[in-house]
Amino acid sequence: MSYEHRVITPKQYADAAANGIRNRVLEDRVRKLGWSMKDAISKPIKERQKHGDWPEIAESNGISKADYYRRVATLGWDMKKAATEPMRNKTNLKRDELKWVDLKEIAASNNVSYSTFMRRLSEGESPKQAVSRPPLSRREHMKRQLESGKIKYAIKG
């Protein structure tokens, strides 16, 4: 793919114009984006999606315009769902999801980090057990590693 200045003939400009492609778009496609001349002339320009009143409806439902556009563009939601589905926060979470929020608070009160929580889950502990047991102190951790044989010596201090 070559980015040097490429010559576009008057006939190519005319062909592109017949396909609804402006001169500047054709030049950018060929010179900046490195498109082949055939594609640059023939591929139609994507039309911007018209959102109508949906962004305002979203704001009236407590959803910011930025969140509305993110839901449509990034998450692929249809406009109606993006404008009407309430934002998820602690007050409107589903019952099952609320349990995880409670567990997160218990973990924070016991100084259990996310990585410790996930490791404990992978080791077979229940979520309730994983958050309720505080993490080991460095001294206790070292003592257990010595006992299990994972390390051979430690500096006593």
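Numbers for residues simply follow the sequence, beginning at 1.
- Heavy-atom contacts from other residues, nucleotides or ligands closer than 6.0 Å to NZ of Lys65 number more than 12.
- A heavy-atom distance below 4.5 Å is not found between the side chains of Pro134 and Asn111.
- Here Lys80 does not pair with Glu85 in a salt bridge; the nearest charged N to carboxylate O distance is not below 4.0 Å.
- Comment: Arg71 does not engage Asp67 in a salt bridge, judged by the lack of any side-chain N to carboxylate O separation of less than 4.0 angstrom.
- Summarising the geometry of Phe117 relative to Val112, their closest heavy-atom pair is N-CG1, 4.0 Å, with the distance given to 0.1 Å.
- Smallest separation of non-hydrogen atoms from Ile21 and Leu26: CG2-N, 4.0 Å.
- Distance check, rounded to the nearest 0.5 Å: OG of Ser64 to CE of Met87 gives 6.5 Å.
- In this structure, Arg70 places its CZ atom where more than 12 heavy-atom neighbours from other residues, nucleotides or ligands lie under 6.0 Å away.
- Annotation: Arg22, atom CZ; neighbour count of heavy atoms from other residues, nucleotides and ligands within 6.0 Å does not exceed 12.
- Side-chain atoms of Arg29 come within 3.5 Å of backbone atoms of Lys43 as a donor-acceptor pair (strictly under, hydrogens ignored).
- Interatomic distance, Gln145 CD to Glu147 CD, rounded to the nearest 0.5 Å: 11.0 Å.
- Residues Tyr69 and His51 have side chains that never bring a donor and an acceptor to within less than 3.5 angstrom of each other.
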Before giving the answer on salt bridge (Lys or Arg N to Asp or Glu O under 4.0 Å), spell out for Lys32 and Glu27 the whole-Å C-alpha distance, their side-chain angles and the decisive distance to 0.1 Å.
-> CA-CA 8 Å; Lys32 290 182 182 175; Glu27 291 166 3; over 6 Å; no
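- In terms of hydrophobic clustering, with Ile, Leu, Val, Met, Phe, Trp and Tyr side chains grouped at heavy-atom distances under 4.5 Å, Leu136 and Met118 are assigned to different clusters.
- Summarising the geometry, atom CG belonging to Asp15 is positioned 10.5 Å from atom CE belonging to Met37; distances are rounded to the nearest 0.5 Å.
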Decide yes or no on side-chain contact (heavy atoms from CB on, under 4.5 Å) for Glu59 and Tyr68, but give the supporting numbers first.
-> CA-CA 8 Å; Glu59 283 193 323; Tyr68 164 78; over 6 Å; no
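- Put simply, the side chain of Ser42 gets close to the backbone of Lys38: a donor and an acceptor are under 3.5 Å apart.
- Taking the side chain as every heavy atom from C-beta outward, Val131 and Asn110 never approach each other to under 4.5 Å.
- Looking only at distances, a side-chain donor or acceptor of Asp78 sits under 3.5 Å from a matching main-chain atom of Lys81.
- A 4.5 Å side-chain heavy-atom check between Ile41 and Asn19 finds at least one atom pair inside the cut-off.
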Report the C-alpha separation of Gln12 and Thr9 in whole Å, then their side-chain angles, then the decisive distance to 0.1 Å, and conclude whether the side chain to side chain donor-acceptor pair (under 3.5 Å) test is met.
-> CA-CA 5 Å; Gln12 291 168 331; Thr9 65; 3.3 Å; yes
